[in-house]
Structures are given as structure tokens and as C-alpha cells.
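None of the values given here were measured: they were computed from a predicted structure.
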Amino acid sequence: MSTSAPHHFGSAGAAWLAPTVATLRAEIPDLRLDLLLTESTPGDPDIDIFVEETGVERPGSVDVHRLAQDPYLAVVRVDDPLAEVPQVPLADLAERHWVDNEPREGACRQVLLNACAQAGFSPSFVVETHDYRTAMSFVATGIGLTVVPALGIGELPEDLTTVALVSPTPVRHISLAVKKSIARHPAAQRTVELLEGLVRAGKSRAGG
């Protein structure tokens, strides 16, 4: 069974895929898994974890399951004035310096840019990086802030904190596509069950 997931899921990939694979291997020892962490979907995987894109339809040959709604948070230094407030309107970040953290054509980046457009501005990126960890290391220097999906943040350094975004809140939708031709296979059904269970457990720990 082949499974793909975008590499920019960061901590979500580790939190979901590792225990899922471990359980599958324990329960179905002869199962062979090919895991691909990619920016796009290569080939034709049996199971694909993906970020939904506006206007992009999945083929009729797959069943799609919505896994999670993942809101974006601003990551700032603890000495930033924003660190003192529980939430901030997205438009209030229009004049701030931003650290980019996604490839230019990435679906996650587009979610954020669309939300900024709704708030009436385009972010002023002073540094371009292609992953969340690197972007946050630049934030720690004081060069600017970055905006990251909650599942991609992981454990923050002591000198950084997060602030909720509103008006609007950018949200990426993470879904699971399973080929209909293998959807009834026990391994596929168990994979869906395990992933949905891990997402529910994460929401419960977060109080959501």
C-alpha cells in the first residue's frame, strides 16, 4: 500500500504517520508500505493526505475523508507587543515584516494569502524560507513574524509564542483520499480509522 503526504505537515506528519505505521505493522506484519512526503502527489498513491485547494476536485476514483481543520497562528517573540494579546485581527499585521515559510506555489501558502487578501493586504515578506522551523528561527532574531498552521508549530523555543488570528482566521483543511479500489481492504480501513482516531485525540488534548 502506498501513502503520500505533503512534507509541510511538519509535526502533524510525525504525530499521525509514525504511530499509524507502527500499529499497521504490528497488526498486519506482511503489509508493505511506501511512504512519500512530497510537495505534490506523485504517481497514484492508494492513500493521500492532502491540503484542500479551492477549485481543485479529487477524481471520482477516490473516497475523501475530512481529517482536520487547522487554523493559522502568528508566531512572535515574547517581547513583541502582540505577545500580550490573546488574538489579533489579521489586518493588524499588514504593516509588519513577515518571514515566509512555504514554497511559492504551495497550497498552504495560498490559504494564507487568500485570507490576507480578504483582510485587504498582501504580506510584506522580508525573508523567504520553505519550512516552519527555519522561519521561526528567523522570528527569534527579531527580523519579523511568521504565520504557521497550528499543527506545524510543535514545541516552541522559550523566546517565541503564538497569537490567535481573527477577521478572518486562515484555516487549512486537511483531508484523506482513499482509492475506491482498495477502500474495503482491511489495511486501508484500519489506516483511515487510526488517522481519524489520532486527529480526535489531538483535538481532545487541545480542548477543541
Side-chain angles (χ1 to χ4, degrees), residues 1-72 101-115 117-118 130-132 148-154 168-208:
M1 186 170 70
S2 60
T3 303
S4 78
H7 75 255
H8 49 252
F9 279 172
S11 61
W16 297 348
L17 290 179
T20 297
V21 169
T23 300
L24 287 172
R25 289 288 301 151
E27 296 179 356
I28 314 173
D30 59 348
L31 179 67
R32 180 176 180 272
L33 288 169
D34 293 323
L35 298 175
L36 300 170
L37 299 181
T38 65
E39 201 53 58
S40 58
T41 303
D44 190 20
D46 295 323
I47 297 177
D48 184 19
I49 304 172
F50 64 96
V51 175
E52 296 176 18
E53 296 181 71
T54 302
V56 175
E57 295 289 332
R58 287 277 148 166
S61 59
V62 299
D63 291 327
V64 176
H65 307 257
R66 170 71 64 81
L67 278 179
Q69 296 186 62
D70 191 15
Y72 286 63
N101 55 44
E102 292 280 2
R104 284 186 173 274
E105 304 303 322
C108 297
R109 190 176 194 267
Q110 198 56 50
V111 168
L112 177 59
L113 293 181
N114 289 346
Q118 289 180 45
H130 291 168
D131 67 89
Y132 304 142
V148 178
L151 287 171
I153 290 175
T169 301
V171 178
R172 68 176 181 175
H173 301 285
I174 302 173
S175 290
L176 182 71
V178 182
K179 277 187 183 176
K180 289 181 178 179
S181 59
I182 63 110
R184 293 181 179 273
H185 189 284
Q189 292 179 326
R190 185 66 174 133
T191 299
V192 173
E193 181 181 88
L194 289 168
L195 286 169
E196 291 181 338
L198 286 165
V199 172
R200 284 195 301 271
K203 287 180 179 178
S204 175
R205 286 194 298 272

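To the nearest 0.5 Å, atoms OG1 (Thr20) and CZ (Arg25) are separated by 14.0 Å. Atom CD1 of residue Ile47 and atom CG of residue Leu195 lie 7.5 Å apart, to the nearest 0.5 angstrom. Rounding to the nearest 0.5 Å places CZ of Arg190 at 12.5 Å from CG of Leu31. Separation of atoms CG (Leu113) and CD (Glu102) is listed at 9.5 Å; rounding is to 0.5 Å. Here CD of Gln69 is found 9.5 Å from OG of Ser175. Values are rounded to the nearest 0.5 Å. Here Leu67 contributes atom CG and Glu196 contributes atom CD; the two are 6.5 Å apart, rounded to the nearest 0.5 Å.
In this structure the side chain of Val51 never reaches within 4.5 angstrom of the side chain of Glu53, judged on heavy atoms. No side-chain heavy atom of Asp48 sits less than 4.5 Å from a side-chain heavy atom of Val62.
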Side chains of residues 176-184: which donor-acceptor pairs under 3.5 Å do they make with residues two or more places apart or in other chains?
{"unit_1": "Lys179", "atom_1": "NZ", "unit_2": "Asp44", "atom_2": "O", "d": "3.2"}
{"unit_1": "Lys179", "atom_1": "NZ", "unit_2": "Asp44", "atom_2": "OD2", "d": "3.2"}
{"unit_1": "Lys180", "atom_1": "NZ", "unit_2": "Gly60", "atom_2": "O", "d": "2.9"}

Exercise. Between Asp63 and Val192, is a side chain to side chain contact (heavy atoms under 4.5 Å, CB included) present by the stated rule, with each step listed?
Worked result: CA-CA 11 Å; Asp63 291 327; Val192 173; over 6 Å; no
Exercise. For Arg172 and Ile174, what are the C-alpha separation, side-chain angles and deciding distance, and is it a side chain to side chain contact (heavy atoms under 4.5 Å, CB included)?
Worked result: CA-CA 6 Å; Arg172 68 176 181 175; Ile174 302 173; 3.9 Å; yes
Exercise. How far apart are the C-alpha atoms of Tyr132 and Ile153, what are their side-chain angles, what is the distance that settles it, and do they pass the side chain to side chain contact (heavy atoms under 4.5 Å, CB included) test?
Worked result: CA-CA 7 Å; Tyr132 304 142; Ile153 290 175; over 6 Å; no
For this session: List the steps and the verdict of side-chain hydrogen bond (donor to acceptor under 3.5 Å, both in side chains) for Asn114 and Gln110.
Result: CA-CA 6 Å; Asn114 289 346; Gln110 198 56 50; 2.9 Å; yes
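Formation of a donor-acceptor pair under 3.5 Å by the Asp70 side chain with backbone atoms of Leu151 is found in this model. Looking only at distances, a side-chain donor or acceptor of Tyr72 sits under 3.5 Å from a matching main-chain atom of Cys108.
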